[in-house]
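Input: a single structure, listed below in structure tokens.
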Amino acid sequence: MKFQIKVTDKDSSARAGKISTTRGEIETPVFMPVGTVGSVKGVSTGDLEEKINAPVILGNTYHLYLRPGLEVLKEAGGLHRFMGWNRFILTDSGGYQVFSLTEKRKLSEQGAVFSSHIDGSKHLFTPENVVDTQRIIGSDIMMAFDECPPYPSDYRYAKKSMELTHRWLDRGLNHFKSTEPPYANDQSIFPIVQGSIYHDLRKESAEFVAGKNCHGNAIGGLSVGEPVDIMYEMVSLVNQYLPADKPRYLMGVGTPANILECIALGVDMFDCVMPTRNGRNGTVFTSEGVINIRNKQWQKDFSPIDPAGTTGYGLKYSKAYLRHLVVAGEMLGPIIASIHNLAFYLWLVSEARNKILSGEFNLWKNQIVKKLAQRL
RNA sequence: GGGGAGAUACCAAAGCGGCCAACUGGGGCAGACUGUAAAUCUGCUGGCAUAUGCCUUCGGAGGUUCGAAUCCUUCUCUCCCCA
């Protein structure tokens, strides 16, 4: 994997770059739609390519391991072939499930034992077998196995957790180096910075991670409930220590405003369930602000979803029609909302890229962030 | 013509003397959602104040009772069965 920075913004830490592998290219900054179980919920791969123009999507090791399972994925020839997607796939390692399924797992030095949320069966995830699983999935970028500690976590817990994640990282990287990609595509692994909201831990973790000299680096454990200013502070701090010539991936973030602010802090890659999950639940992101399309005020508003034309979908359908579909419980409603929101997110990061390239990023960002945060 | 059942808030449907401004579901209105156990979850849904409160409600009218959606009388309407 190569990462090339085209332009670094003069007023901020934002960069416009390009990731290249044998798979193809990803222009950064980039937003990656989340497709946990081999499906970006409600959105076909054709729409991901044509309507959304996403170069990369996420899969989830924990969920794919449980279903369809490794045998199916192996026989299918990997997740790309299984789901009919030729562009990049990044897989999360299951570290987030250590956080979100906290009731159903037990941590030890060795790894995490999960009780399957599907049938209750027990499964051990280790830094090593999580690499193996991601090999079988065939993701272009795999994530190291980590613990995403909850917020708030006290200092002692955060330190212990971070140190465990570091030890797991060393084990995972060793295993990664001693194994080969099973399919034609290259595979990279990204380590993850932890440390909760503690400055010294974040610094220590970022330095530790930076020392591994991987192709890219991730920031985890944020947007788990902490105030947004603290999140920005942590991102800013960590980015001082993560190498500037490698892509930086902020995991799980976030709102359109979060993404622009973190681009300004030097982040290149983002993913979030927000455009799809919130879209399914009636929230629509537009260049004018955030809309709850279920609200009565849109009942007779026949203007396009996003009149600015940020997405084709945003022009094609009216607010009134989308409201009707969502309120009526028609499956097309959540589908249109998801496609539009994803297309909007992809528009947002590509516009950010254009502004970085033309030297107008900071000005543009400060103007648009205010709009995007508005509720209409 | 004979016999029976029933009328409760936007709809459906509980309640059958005080704990009822009235269970529950739907609908309606709003909110939450950040590396997806989520096409999910939460709140409100008679009026006014909006903590405790006050006022008008359970087909209409009248009555019994300290007290009625709940008991009695009567009227109106609906449904079912038999001829």
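Every chain is numbered from 1, with letters handed out A, B, ... down the list of sequences.
- For an aromatic pair to be called close, the ring centres must be under 6.0 Å apart, and A:Y96 with A:F99 satisfies this.
- The side chain of A:T283 lies closest to B:C33 when the candidates are B:C33, B:G35, B:A39.
- Below the 3.5 angstrom threshold, one finds a donor paired with an acceptor across the side chain of A:T276 and the base of B:U36.
- In this structure, A:T179 contributes its side chain and A:H175 its backbone to a donor-acceptor pair below 3.5 Å.
- The partner of B:G53, taking Watson-Crick or G-U wobble pairs whose two distances both stay under 3.5 Å, is B:C48.
- Applying the Watson-Crick and G-U wobble criteria (two distances, each under 3.5 Å), B:U64 pairs with nothing in any strand.
- Nucleotide B:A38 has no partner under the Watson-Crick or G-U criteria, as no pair reaches both atom distances under 3.5 Å.
- If you check B:A14 for Watson-Crick or wobble pairing at under 3.5 angstrom, you find it has no partner at all.
- Backbone-only contact: A:N295 has heavy atoms under 4.0 Å from sugar-phosphate atoms and none from a base.
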Pair A:Q97, A:R105 - check side-chain hydrogen bond (donor to acceptor under 3.5 Å, both in side chains), show working.
CA-CA 9 Å; A:Q97 280 61 45; A:R105 55 73 174 167; over 6 Å; no
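- Look at A:D268 and A:R248 and you find no salt bridge, because none of the NZ, NE, NH1 or NH2 atoms lies under 4.0 Å from a carboxylate O.
- If you check B:G35, B:A37, B:A39 against the side chain of A:K104, the one that comes closest is B:A37.
- Ion pairing of A:R167 with A:E109 is present here, as a side-chain N (NZ or NE/NH1/NH2) and a carboxylate O approach within less than 4.0 Å.
- Comparing B:A30 with B:A21, their P atoms sit 30 Å apart, to the nearest whole Å.
- At a threshold of 4.0 angstrom between heavy atoms, the contacts of A:R375 are confined to the sugar-phosphate backbone, with no base atom among them.
- Cluster partners of A:V34, by chain and number: A:M1, A:F3, A:I5, A:I19, A:I26, A:V30, A:M32, A:V56, A:L58, A:F88, A:L90, A:I141, A:M143, A:F190, A:I192, A:Y249, A:M251, A:M269, A:V273. The rule joins Ile, Leu, Val, Met, Phe, Trp and Tyr whenever side-chain heavy atoms lie under 4.5 Å apart.
- Within the nucleic acid shown, A:D271 comes within 4.0 Å of sugar-phosphate atoms alone, with no base atom in reach, counting heavy atoms only.
- In this entry B:A5 has B:U78 as its Watson-Crick or G-U wobble partner, both defining distances falling under 3.5 Å.
- Between the base of B:G35 and the side chain of A:D146 there is a donor-acceptor pair shorter than 3.5 Å.
- Among the protein residues, A:N60 comes within range of the sugar-phosphate backbone only, with heavy atoms under 4.0 Å from sugar or phosphate atoms but none that close to a base.
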Set out, line by line, the N/O atom pairs under 3.5 Å between protein and nucleotides 24-28 of chain B.
none

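- Comparing B:G35, B:A37, B:U36 by their nearest atom to the side chain of A:C148 picks out B:G35.
- Considering only side-chain atoms of A:R277, the nucleotide from B:U36, B:G35, B:G31 that sits closest is B:U36.
- Nucleic acid contact for A:G221: base, since at least one base atom lies under 4.0 Å from a heavy atom of the residue.
- Checked for salt-bridge contact, A:E27 and A:K18 miss the test: no charged N lies under 4.0 Å from a carboxylate O.
- Projected onto RNA chain B by closest heavy-atom contact, A:G329 and A:G282 fall at different nucleotides, the more 5' of which corresponds to A:G282.
- Picking from B:G31, B:U34, B:A39 the nucleotide with the shortest atom distance to the side chain of A:R294 gives B:G31.
- Within 4.0 Å of A:L222, counting heavy atoms only, lies no atom of the nucleic acid at all.
- Within 4.0 Å (heavy atoms only), A:E330 reaches no atom of the nucleic acid at all.
- Here B:C23 sits opposite no nucleotide as a Watson-Crick or G-U wobble pair (both hydrogen-bonding atom distances under 3.5 Å).
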Mind running side-chain hydrogen bond (donor to acceptor under 3.5 Å, both in side chains) on A:H123 and A:S121 for me, showing each step along the way?
CA-CA 7 Å; A:H123 304 270; A:S121 55; 2.7 Å; yes
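- For A:V273, counting side-chain heavy atoms from C-beta on, the closest listed nucleotide (B:A32, B:G35, B:A37) is B:G35.
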Test side-chain hydrogen bond (donor to acceptor under 3.5 Å, both in side chains) applied to A:S139 and A:Q134, step by step
CA-CA 6 Å; A:S139 48; A:Q134 292 178 99; 4.6 Å; no
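- Taking the P atom of each, B:C11 and B:C58 are spaced 15 Å apart, rounded to whole Å.
- In a base pair of the Watson-Crick type (N1 to N3 plus N6-O4 or O6-N4) or a G-U wobble (N1-O2 and O6-N3), with each distance short of 3.5 Å, B:C29 is matched with B:G43.
- The distance between atom NZ of A:K41 and atom P of B:A37, rounded to the nearest whole Å, is 8 Å.
- Across B:C66 and B:A61, the matching C1' atoms stand 24 Å from one another, rounded to whole Å.
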